[in-house]
K.L.:
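Just dropping this structure here.
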2 protein chains.
Amino acid sequence: MATKEMRRTTLSEMKDRYIGQVGTPDRDSYEYELKMEVLGKMIKSARKERNMTQEQLGKLIGVQKSQISKLESSANSATIDTIMKVFKALKADINFHVKLEDDFVKLA
Amino acid sequence: MATKEMRRTTLSEMKDRYIGQVGTPDRDSYEYELKMEVLGKMIKSARKERNMTQEQLGKLIGVQKSQISKLESSANSATIDTIMKVFKALKADINFHVKLEDDFVKLA
DNA sequence: TATAAAGTTGCTATATTTAGAAACTTTCTC
DNA sequence: GAGAAAGTTTCTAAATATAGCAACTTTATA
C-alpha cells in the first residue's frame, strides 16, 4: 500500500473490462450512454482505491452518501463541476482526451 | 487536409498552451475553474478543425448557435450528456483519464 | 465602407441536476 | 442469525443547465 506506484486507469481499460473488447457487439453502439456508466464506475473504483466509504467521500465534498451513490450509479448526467469536485476529493487528476478522427476511412 | 493523420489533443497540451506551463503561477490554483474553460476551448478548437460554424454544429445537434457559443465560453458547468453530444457531432472521441496520485510525496 | 456572416449577450421558460432526509436493502462481522 | 455498517431508493425542494429568440457586436468579404 505504502509503496504502490502511480495508479492509472483509462476509460479504454474500463470499457474493456466492463463493456467488452472492441469489436464485441455491445461496444460501439450505446457508446454514449455507456460512457456515463463508466464514469460512475471510475468514481467507485477510485473511492475503493482510497479505502473510503461513500459517507466519508461525501463528507469530504460536503454532500450526503446518497449523492455519492447516485453519482456512482450514474443516476443522471453529472455536471463537470460535480465530477471535478469528486475526483479532487479523491486526490485524483482527471482530464479529458479528445481524439479527432480522420475524415477519411482507412482501407485495410 | 486529406492526408492528415489522427489528430490528438490532450488537456495537458491545452493547459500548457492556454494557461501556462506547470510551475507557472496560474497553473495549479484555479485548476478547478480552468478545466471547464479548457473544455470549452477544446470544443471550439475541434469545431474549427472541422471547418464548421457554430450554427452548423448547432444544427447537427439540434440546438441554436447561441448554445454552442455558451458551451465554448464555458458560461456554465456543462453536463456530460451535452459534452458527449457535441463531440459526437464533431466525430471526435472523448474519454476521461483518471490518475490516482500516490499517497506519499516523492522527495526529489 | 457597406453588407453579410459569424459569434455574443440578455431575457425568458423549461428541464434536469443537486441535495437532504428518512426508510429501506444489502453486505459485513461477530 | 443478530446487529452494525455500507449502500440504495424515494420523495421533496432548490439550484443550475439547457434552450430559443431577438438584439447586439465582431469579423469577413465584396
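Just so we're clear, the structure is a prediction, and the values are computed from it rather than from any experiment. Order of the sequence lines sets the chain letters (A, B, ...), proteins ahead of strands, with each chain counted from 1. Computed from heavy atoms alone, side chains included, the values below leave out hydrogens, waters and symmetry copies.
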K.L.:
Check the distance between dT16(D)'s C1' and I80(A)'s CD1 and give it to me in whole angstrom.
P.N.:
14 Å
K.L.:
Walk along DNA chain C from 5' to 3' and tell me the first and last nucleotide with an atom closer than 4.0 Å to a non-hydrogen atom of chain B.
P.N.:
dA6(C) to dC11(C)
K.L.:
Nearest-Å distance, NZ (K59(B)) to C1' (dA19(D))?
P.N.:
16 Å
K.L.:
For a quick test of reading the model: is some side-chain N or O of Q54(A) closer than 4.0 Å to OP1 or OP2 of dT8(D)?
P.N.:
yes
K.L.:
How long is the line joining NZ of K70(B) and P of dA19(D), in whole Å?
P.N.:
10 Å
K.L.:
Looking at Q56(B), is its backbone amide N or carbonyl O close enough to the side chain of T53(B) to form a donor-acceptor pair, meaning the two atoms are under 3.5 Å apart?
P.N.:
yes
K.L.:
Can you tell which of dT18(D), dT8(D), dG7(D) lies closest to the side chain of K48(A)?
P.N.:
dG7(D)
K.L.:
Expressed in angstrom and rounded to an integer, what is the separation of E72(B) atom CD from dT18(D) atom P?
P.N.:
14 Å
K.L.:
CG of L71(A) versus C1' of dT9(D): gap in Å, rounded?
P.N.:
15 Å
K.L.:
Counting the atoms with a prime plus P, OP1 and OP2 as sugar-phosphate, which does G58(B) contact under 4.0 Å by heavy atoms, base, sugar-phosphate, or nothing?
P.N.:
nothing
K.L.:
Could you work out which one of dG20(D), dA17(D), dT8(D) sits closest to the side chain of N76(B)?
P.N.:
dA17(D)
K.L.:
Between dA6(D) and T53(A), is there an OP1 or OP2 to side-chain N/O distance shorter than 4.0 Å?
P.N.:
no
K.L.:
In whole Å, what is the span from the CD1 atom of I61(B) to the P atom of dT18(D)?
P.N.:
11 Å
K.L.:
Tell me which of K65(B) and A75(B) sits closer to the 5' end of DNA chain D, going by the nucleotide each one is nearest to.
P.N.:
A75(B)
K.L.:
Calculate the interatomic distance between M52(A) atom CE and dA5(D) atom C1'; express it in whole Å.
P.N.:
17 Å
K.L.:
What is the separation between atom CD on E55(A) and atom C1' on dG7(D), rounded to the nearest whole Å?
P.N.:
10 Å
K.L.:
What contact category does S66(B) fall into here, base, sugar-phosphate, or nothing, at under 4.0 angstrom with non-hydrogen atoms?
P.N.:
base
K.L.:
Testing the 3.5 Å rule here: is there a donor-acceptor pair between the side chains of Q54(B) and E72(B)?
P.N.:
yes
